[in-house]
Amino acid sequence: MKAFTTFIKKAFNFMDKEFWKYTVVFFVLMSMLYVYMIYAGMFKSPTFAYAAF
Amino acid sequence: MKKFAAFLTALALFCVCLVCVNAIAGSKTELTSAQMGTWTNTYKYTSYDAITANLTKDTIPVFGSSEFNHGKKTKCHPKAVFRHQKLTPMLIGTKFSQSMTHTIELAAIAPKMKLKKAVFIVSPTWFTEDGARPEGFAMRFSESEYAAMLRNPNISNGLKMKIAKRTDALLRSEATVQKCARKYDSVYLYGTGNAADKLYCEARQKFIRQRDYNCVTSAMKVSHIQPGATKTVTSKVPDWKKLEKEGTVYAMKKSKNNKFFMYNSYFNKKFKPHMKKMKGKDAKRLFVKSPEYSDLNCFLEVCKQSGIKPMLVILPLNKYWYDYTKLPMKNRLTVAEKVKKMGKKYGAEVQDLTSEGSTKYFMQDTVHLSAKGWVSVDESIYNFYKEGI
């Protein structure tokens with residue numbers, strides 16, 4: 001029980017303001033990349049065309 | 001260390017969010033709509049879920065190409081003709097959609113088809129010496145449909161390998177997509193993929209289908225396609241004679257400034273500026289050898305193995321224009337002759353419209369149907385649907 005309490009305490013100490021700041025930044029970047037990948041297909045346009053005839 | 005731990009935490013949070021979003025938004029109900037069948041949209045064509053969610057016992061997939069985008073505002077386009085009919089054609093295809101694209105699409109959706117009939121609108125101009133262009137094929141390639149094709153238990157491995165080989169060759173211009181297709185082949189076809197490959201394919205399929213879903217639902221909003229919309233059905237048979245008359249009047253009004261009976265707008269924009277260089281240009285054009293024939297054969301083989309009755313509609317070429325470009329008459333008939341032979345071999349119904357190339361106002365340009373031309377195709381589709389019902 002004591003070991004568990006110590007672990008929790010250490011974990012909480014580790015998760016300081018800086019840790020959460022980076023977590024949020026990484027999360028936002030991942031989400032943005034995902035959204036971009038999902039919608040990028042919608043903006044694809046033909047890069048060539050057949051001859052008109 | 002702290003940054004790495006933060007990255008892992010963010011990744012874990014992101015994965016949890018993704019699973020939740022998939023569980024909430026992954027429902028196919030938003031993709032079901034009576035308007036979906038005749039909706040012409042590229043995102044619909046490449047979304048396995050959007051198509052399969054709308055296959056009822058009265059739906060016939062109609063595979064074609066750019067002609068679906070022509071005449072949409074007329075009373076003769078399938079969109080208008082079948083609006084209140086029990087039959088709903090599921091239009092699939094746009095510019096650059098050719099036989100191999102449709103083979104994959106049909107092989108993907110076949111197990112979900114309740115009515116085992118399919119219509120294929122064949123354009124003679126596809127049958128060039130090089131066949132489908134890799135850039136065009138890559139543009140219309142759908143990963144969700146390709147994976148579904150490979151997973152279709154009714155298609156033999158031999159045919160799947162033939163399709164996979166051809167797909168690989170046609171995807172040479174898109175290395176990333178080609179790599180993905182190869183991975184699907186190794187997992188779903190050859191069974192050579194390892195556990196990591198399997199996991200990758202499953203995860204990628206989830207992502208692709210979510211991407212397709214988002215694209216289709218967004219496009220539906222833009223095009224005012226209402227999810228869950230139903231249609232009021234009439235038992236009246238369309239008045240084909242009246243429609244043809246209306247189509248002719250419409251086409252006549254639109255085609256007044258040229259001797260090729262093309263719509264003025266198309267003639268002015270696409271043809272008039274090139275008249276000089278086009279004269280006699282097709283004198284040596286041949287349609288005898290083309291990989292497109294083999295691709296079409298794959299389509300018919302998929303029909304056979306899936307128990308689907310196909311109907312091939314062979315589109316005409318504008319006689320007046322191709323007289324001008326001096327395309328020899330016997331060369332114009334090559335595609336129809338070869339396709340009819342293939343159709344016969346597979347027991348397909350063939351609607352050969354080649355002779356209509358000389359019918360005035362049947363085409364709106366060189367290869368696309370006018371309003372009048374659409375009526376013939378609509379009637380063929382309708383009669384094909386009615387057979388055996």
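A, B, ... follow the sequence lines: proteins, then strands. Residue 1 opens every chain.
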**OP:** Go through the atoms of B/I208 and report whether side chain, backbone, both or neither lie under 4.5 Å from a heavy atom of chain A.
**Re:** neither
Subject >> Selection from B/L18, B/T325, B/L8 maximising heavy-atom pairs under 4.5 Å formed with chain A >> reply: B/L18
Original post:
Tell me, do B/F68 and B/T94 make a side-chain contact under 4.5 Å, heavy atoms counted?
Top reply: no
Subject >> Partners passing salt bridge (charged side-chain N to carboxylate O under 4.0 Å, His left out) against B/R172 (at least two apart in sequence or in another chain) >> reply: none
Original post:
Looking at B/D365, B/T42, B/L11, which makes the most heavy-atom pairs under 4.5 Å with chain A?
Top reply: B/L11
Original post:
Are B/C180 and B/Y200 side-chain neighbours, meaning at least one heavy-atom pair lies under 4.5 Å?
Top reply: yes
**OP:** Begin with the C-alpha distance, continue with both residues' side-chain angles, and end with the deciding distance and a verdict on side-chain contact (heavy atoms from CB on, under 4.5 Å) for B/M363 and B/S370.
**Re:** CA-CA 5 Å; B/M363 312 297 288; B/S370 70; 5.7 Å; no
